[in-house]
Amino acid sequence: MKKVGLLMKEAALENRSSKPYHEEDIGKTTVHPQYRVDLRKYSEKEYNKFVRVNTVSDWSMLSWQDIGKPFEVKKYAKEREEWEKTHEKAMDPHTSWTYFNRAFHEWFMKDVPLEKDRTKQEFLSSLRSFQPSEVSHALGNLVQLHLWNYVHRIQDGIWDPRGKRALFQGLLVHRPRILFLGAAEGYEAMQLGAMYPGAEIVMVDYDEYCKTTRFAEFPESYPFLGHNPKTGQDKIIYKDDLNIEYVVDDIRNLPYGKEFDIVLSVGLLEHFPDEYKQEAVDWHRRFLKDNGYAVLTTPRNQLRSRLYYHVMADVMNHTYRELMTVEQMGLYMYENGFDILGHGYIKVHNGLICRPR
């Protein structure tokens with residue numbers, strides 16, 4: 001009996017270490033070496049500070065002449081430029097995504113405080129070398145790291161759990177089937193799954209690295225703030241609590257019909273020039289039930305976003321990319337057959353909740 005009791009205690013301690021957050025942690029935020037955990041909820045004042053919603057009352061009255069076209073990010077990563085020089089052609093989309101995913105994940109895995117110390121020492125050493133190229137390179141690394149630290153760990157602008165939860169709330173679904181197009185590590189689908197218990201999640205990306213590395217190495221200990229239908233209270237949900245299938249394939253090859261309650265994309269629409277926007281929009285309609293929701297986000301067109309993609313070009317800019325206003329994003333969806341049920345912007349993203357007309 002003593003041995004059984006000891007084994008149960010050890011199992012409980014192991015579970016505690018892999019799932020370190022519990023209901024008593026709701027309302028708190030913690031900065032880790034690689035990311036921030038944010039289990040805080042909005043007050044009405046904070047909601048209004050972080051989220052602006054429903055600025056357009058009638059989408060049929062909006063025109064491109066009124067709002068202009070998105071801002072195209074034209075500074076590409078050096079890796080892409082070198083690849084194109086070597087191959088004497090433009091980098092194809094699949095290759096560009098594989099380069100981007102590896103570069104992004106490398107940054108995500110950094111122990112930022114440790115890297116800040118290292119890059120600071122590299123910069124100081126470069127000053128002693130009296131070599132302008134070395135100084136410039138070391139300074140660039142230092143600036144990139146400090147910007148990444150501010151955007152991802154301090155502001156939590158990439159995941160933005162409070163903003164994403166505010167965007168995702170209020171969907172009329174029960175035990176939904178969720179399809180995530182271009183899923184990468186799958187963060188937003190996991191947040192949706194935590195908010196809508198019993199969800200079945202299908203993540204799709206055509207870069208296998210996203211499944212085998214970005215999703216596989218997403219921290220098991222990261223807590224999502226979800227819902228407990230038995231008590232009506234908030235609940236901490238972890239990755240392995242969720243029902244997830246990860247499919248590696250081109251979206252155009254997917255065998256599904258109109259069988260999903262939610263079709264989700266995050267940072268997908270802006271990677272297609274106008275001549276391909278209709279096809280990208282149609283992907284959200286193709287798999288959606290008649291009363292389902294298309295949920296989309298894109299990076300906002302704002303000064304700090306332009307600065308971010310300029311400084312972080314070697315990490316972020318392997319693909320075609322636009323920065324949009326929420327009005328531009330919404331008009332693309334409206335003109336291609338969707339009604340906009342809700343729209344707004346959070347820290348660095350625009351967000352839409354749509355339904356096919």
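All figures in this text were calculated on a predicted structure; none of them were measured in a lab.
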The test is side-chain hydrogen bond (donor to acceptor under 3.5 Å, both in side chains); show your working for T29 and R36 and say whether it passes. CA-CA 7 Å; T29 182; R36 174 183 288 275; 2.8 Å; yes

Does the pair Y196 and H227 meet the rule for a ring pair (Phe, Tyr, Trp, His ring centres under 6.0 Å), with working shown? CA-CA 7 Å; Y196 297 96; H227 178 69; 8.7 Å; no

Give the C-alpha distance, both sets of side-chain angles, the deciding distance and a yes or no for side-chain contact (heavy atoms from CB on, under 4.5 Å) between V263 and V295. CA-CA 6 Å; V263 174; V295 179; over 6 Å; no

Give the C-alpha distance, both sets of side-chain angles, the deciding distance and a yes or no for side-chain hydrogen bond (donor to acceptor under 3.5 Å, both in side chains) between Y320 and E322. CA-CA 7 Å; Y320 177 88; E322 297 171 347; 2.6 Å; yes

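If you look at W283 and F272, their ring centroids are closer than 6.0 Å. Taking the six-membered ring for Trp, F260 and Y256 have ring centres closer than 6.0 Å. Taking the centre of each ring, F100 and W97 come in below the 6.0 Å mark. H318 has its ring centre no less than 6.0 Å from the ring centre of W83. For W159 and F108, the gap between ring centers is short of 6.0 Å. W64 has its ring centre less than 6.0 Å from the ring centre of Y332.
Under a 4.0 Å N-O distance rule, the pair E122/R118 qualifies as a salt bridge.
Taking CZ of R40 as the start and CZ of R165 as the end, the distance is 9.5 Å to the nearest 0.5 Å. The structure places CD1 of I244 at 4.5 Å from CD1 of I201, a figure rounded to the nearest 0.5 Å. Taking CE of M333 as the start and SG of C354 as the end, the distance is 4.5 Å to the nearest 0.5 Å.
Looking at residues two or more places apart in sequence or on another chain, you find a side-chain hydrogen bond (donor to acceptor under 3.5 Å, both in side chains) between Y187 and Y222.
Between the side chains of R306 and N301, a donor-acceptor pair is found at a separation under 3.5 Å. Between N141 and T119, the side chains place no donor N or O within less than 3.5 Å of an acceptor N or O (distance only, hydrogens not considered). In this structure, a donor-acceptor pair under 3.5 Å is absent between the side chains of N291 and R355.
Heavy-atom contacts from other residues, nucleotides or ligands closer than 6.0 Å to NE2 of H137 number 12 or fewer. Crowding of E208 atom CD: a count of heavy atoms from other residues, nucleotides or ligands under 6.0 Å not exceeding 12. Counting non-hydrogen atoms of other residues, nucleotides and ligands closer than 6.0 Å to NE2 of H174 gives a total of 12 or fewer.
Here Y209 is tied to no hydrophobic group at all, with no ILVMFWY side chain closer than 4.5 Å.
Using bins of under 30°, 30° to 60° and over 60° for the plane-to-plane angle, the ring pair W148/H152 lands in the tilted bin.
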